[in-house]
Structure formats: C-alpha cells, structure tokens
Undergrad: 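Before we start, here is the structure in question, set down as structure tokens.
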Amino acid sequence: MTECYIRVAEDENEEPMEIPSEEDGTVLLSTVAAQFPGACGLRYRSPVSQCMRGVRLVEGILHAPESDWGNLVYVVNYPKDNKRKMDEMDAASAVKIKRGVQKTSDLIVLGLPWKTTEQDLKDYFGTFGEVIMVQVKRDTKTGNSKGFGFVRFTEYETQVKAMSQRHMIDGRWCDCKLPNSKAGPDEPMRSRKVFVGRCTEDMTTDELRQFFMQYGEVTDVFIPKPFRAFAFVTFADDQVAQSLCGEDLIIKGTSVHISNAEPKHNNFFFPSTFFMHLFSNFPGRSPSLAAMFERSQYQFPSSHV
DNA sequence: GTTGAGCGTT
C-alpha cells in the first residue's frame with residue numbers, strides 16, 4: 001500500500017476532507033487531529049454489515065480496515081459523548097474532557113517476589129481489566145527486581161477494584177497503592193513548556209512531537225544529551241501545557257510524568273545542600289566546582305523554561 | 001548468589 005488521501009468528515013453527511021496517509025498506507029492520528037482537534041479515532045460504515053466499525057488504532061497509528069482505505073468516508077471519533085468541536089471551548093477544558101472525568105493513574109505494586117516479571121504482572125492484572133502499562137523496577141546494574149513495580153489500567157473502575165484488595169502474585173501478598181508522587185497536584189504556572197520525566201532512551205524528538213501533537217500544537221521538543229531520562233515539550237498554547245501537568249502519559253509502553261518545566265527546586269542531582277557543603281569546604285576558589293556549577297546551569301537552562 | 005519496607009523522573 002502506498003501514500004494516498006483518505007476522506008474524513010465529522011459527520012456522515014458532512015463534506016469530507018482529504019487527509020494524507022503515510023508512505024506505508026497508515027494514517028497518523030495526529031494528522032487527523034491536525035484537521036479535527038480533539039479527535040481520538042475514526043469509524044466508518046461497513047458496506048457489508050451497514051454497521052459502524054472502528055478503525056484499528058495502535059500507538060497513534062490508524063490502520064486501514066482492509067487492504068486499503070478505499071473510497072469510504074471515515075467519521076471522526078471524539079472522546080466519550082463529547083461531539084462538540086474543540087473551538088467551542090478552551091483548550092484546557094477540551095483536554096480534560098478528552099481525558100475523561102475519572103483519570104486512571106499509575107499504581108505502585110509493593111511486595112513483588114524477586115522473580116516476578118512484567119509479563120507475570122500483565123497476566124495477573126489482566127484478569128481484572130485491560131492493562132496499558134506494567135513495570136518491574138530493577139537494579140540497572142544487576143537487573144535484579146527491586147520488589148516493586150507499577151501498573152496502569154484503562155478503566156478507572158478496574159483501578160478502584162485493584163486497590164480495594166490484596167493480590168497473591170507468585171506466592172506473595174502484594175498491594176496496589178497510589179504512589180506518593182501523586183500526593184498533591186502540581187502548582188499551576190503559566191508556562192508553555194512541560195517537563196517530561198521518566199523518558200526512555202529510545203524516544204526520539206520526532207516521536208515525542210508526534211505523541212504530544214494530539215493535545216495541541218507543539219512548538220519545541222528538547223531532549224538533553226547525553227541521555228538524562230527527561231525531556232522538555234513546548235506547546236503553542238500554555239493552557240494545553242498546564243492541562244497536562246501532573247499527568248502520567250504512556251509513550252511507547254512507558255509511563256512518563258508531566259510536570260512543570262520549572263519546579264520549585266531543581267535539587268535532585270544537584271541539591272543546594274550539596275553546593276553549600278562544597279562551598280563551605282572550599283570557599284570560592286575551586287575551578288572544578290565552577291565548572292560543575294556551569295554544567296548544572298546548562299542542564300537546567302533558563303532558555304528552556 | 002543476600003533482602004521484604006518502600007516509592008518512578010528533574
């Protein structure tokens with residue numbers, strides 16, 4: 001299958017718009033969303049059954065129902081029952097509606113047996129409902145499990161059920177809890193830039209751009225080199241950025257955390273107490289210390305906030 | 001090559 005245009009409309013009876021496919025014949029959801037903001041998928045009326053059918057959507061990529069898209073008119077899906085156009089509301093509330101009223105969040109799974117794998121977790125929690133993310137936290141050097149992990153369900157009801165009981169996993173009782181990192185909402189700040197934590201090394205700027213396009217126009221993606229497990233994404237609209245803050249989003253199967261690009265304290269790797277200690281020991285005359293401070297400034301550049 | 005309350009990224 002090759003590059004083509006598929007016909008897309010907001011309603012079956014509305015005049016369709018032609019939207020380009022990719023070279024492999026798939027269509028990016030972001031391409032649809034560029035013309036129909038807030039779109040979360042496509043459907044079409046099957047010529048055979050006369051029923052509406054959903055178009056397969058995997059990782060932001062829409063796949064043709066048969067060998068090709070044909071001449072069908074594809075109708076835009078909007079989240080839940082919200083069929084209003086995005087321009088009838090502000091961007092922030094649109095994203096909230098798009099994301100549903102009851103957001104699911106990552107759950108920490110405590111007490112895992114050392115031998116339990118992510119596949120084990122997926123198999124176990126899959127009996128409760130659809131699972132969209134599992135992680136087993138491991139020592140980066142040895143690969144040994146740290147005995148805890150994370151799980152994320154599609155449905156909020158599933159999450160509630162999972163938290164309401166203990167879990168026997170590979171012979172041990174485990175608990176699902178809301179992680180401490182979700183304790184309080186992030187402070188609001190009017191920035192167009194968000195901090196994307198827990199990035200994996202295989203995420204490219206293009207992929208991040210493709211992913212975040214679904215929420216609004218992306219003006220910049222910055223991934224520090226060498227790899228530091230985080231990125232900055234800038235939106236054209238600060239309300240879009242703000243609406244995502246505090247969210248856990250799943251990119252390529254990994255849960256990333258969105259927070260403000262300018263937290264109160266950038267003190268994880270360079271705590272101020274660390275500097276104070278150094279300064280007190282070597283009062284103001286260490287070239288290497290100055291160089292280190294320079295690096296820390298570079299790693300948290302004000303130009304990226 | 002161990003262990004058994006915790007907490008993922010800046």
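Chain identifiers are assigned alphabetically (A, B, ...) following the order of the sequence lines, protein sequences preceding nucleic acid strands; residue numbering begins at 1 within each chain. Please read all numbers here as calculations on a predicted model, not as lab measurements. Heavy-atom basis, side chains included; hydrogens, waters and symmetry copies ignored.
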Undergrad: Measure the distance from CZ on R172(A) to P on dT3(B) and round it to the nearest whole Å.
TA: 11 Å

Undergrad: Assign each of T142(A) and D106(A) to its nearest nucleotide of DNA chain B by heavy atoms, then name whichever residue's nucleotide is nearer the 5' end.
TA: T142(A)

Undergrad: Starting at atom CD of Q135(A), determine the distance to atom C1' of dG6(B), rounded to an integer number of angstrom.
TA: 16 Å

Undergrad: May I ask you to decide if T204(A)'s main-chain N or O and E207(A)'s side chain share a donor-acceptor pair within less than 3.5 Å?
TA: yes

Undergrad: Whole angstroms only, please: what is the CG-P distance between D139(A) and dG1(B)?
TA: 10 Å

Undergrad: Taking atom C1' of dG8(B) as reference, at what distance in whole Å does atom CG of L112(A) sit?
TA: 14 Å

Undergrad: Among dG8(B), dT9(B), dG6(B), which is the nearest nucleotide to the side chain of S255(A)?
TA: dG8(B)

Undergrad: R198(A) has a side chain; which of dT10(B), dG4(B), dG8(B) sits nearest to it?
TA: dG8(B)

Undergrad: Atom CG of L208(A) to atom C1' of dT9(B): distance rounded to whole Å?
TA: 14 Å

Undergrad: To the nearest angstrom, how far is K177(A) atom NZ from dC7(B) atom P?
TA: 10 Å

Undergrad: Among dG8(B), dT10(B), dG6(B), find the nucleotide with the atom closest to the side chain of K146(A).
TA: dG6(B)

Undergrad: Can you check whether F148(A) stacks with the dC7(B) base, using ring centres under 5.5 Å and planes within 30°?
TA: no

Undergrad: Can you check the W114(A) CH2 to dT3(B) C1' distance for me, whole Å?
TA: 5 Å

Undergrad: Tell me if the side-chain of N180(A) makes a donor-acceptor pair with the base of dG8(B), cut-off 3.5 Å, by modelled atom types.
TA: no

Undergrad: Search all heavy atoms of C245(A) against all heavy atoms of V194(A) and return the closest pair with its distance.
TA: SG-CG1, 3.9 Å

Undergrad: Using a 4.0 Å heavy-atom cut-off across all strands, classify L107(A) as base, sugar-phosphate, or nothing.
TA: nothing

Undergrad: Toward the 5' end of DNA chain B, which comes first, L110(A) or G197(A), by nearest nucleotide?
TA: L110(A)

Undergrad: Nearest to the I108(A) side chain among dG8(B), dG4(B), dC7(B), which nucleotide is it?
TA: dC7(B)

Undergrad: Roughly, in whole Å, what's the span from NZ in K141(A) to P in dG1(B)?
TA: 12 Å

Undergrad: Minimum heavy-atom separation for Q210(A) to L28(A), with atom names?
TA: OE1-CD1, 3.5 Å

Undergrad: Hey, can you tell me if F125(A) and F128(A) have their rings parallel, tilted or perpendicular (30° and 60° cut-offs)?
TA: tilted

Undergrad: Could you walk me through whether Q119(A) and D123(A) pass side chain to side chain donor-acceptor pair (under 3.5 Å), step by step?
TA: CA-CA 6 Å; Q119(A) 187 61 52; D123(A) 292 344; 2.9 Å; yes

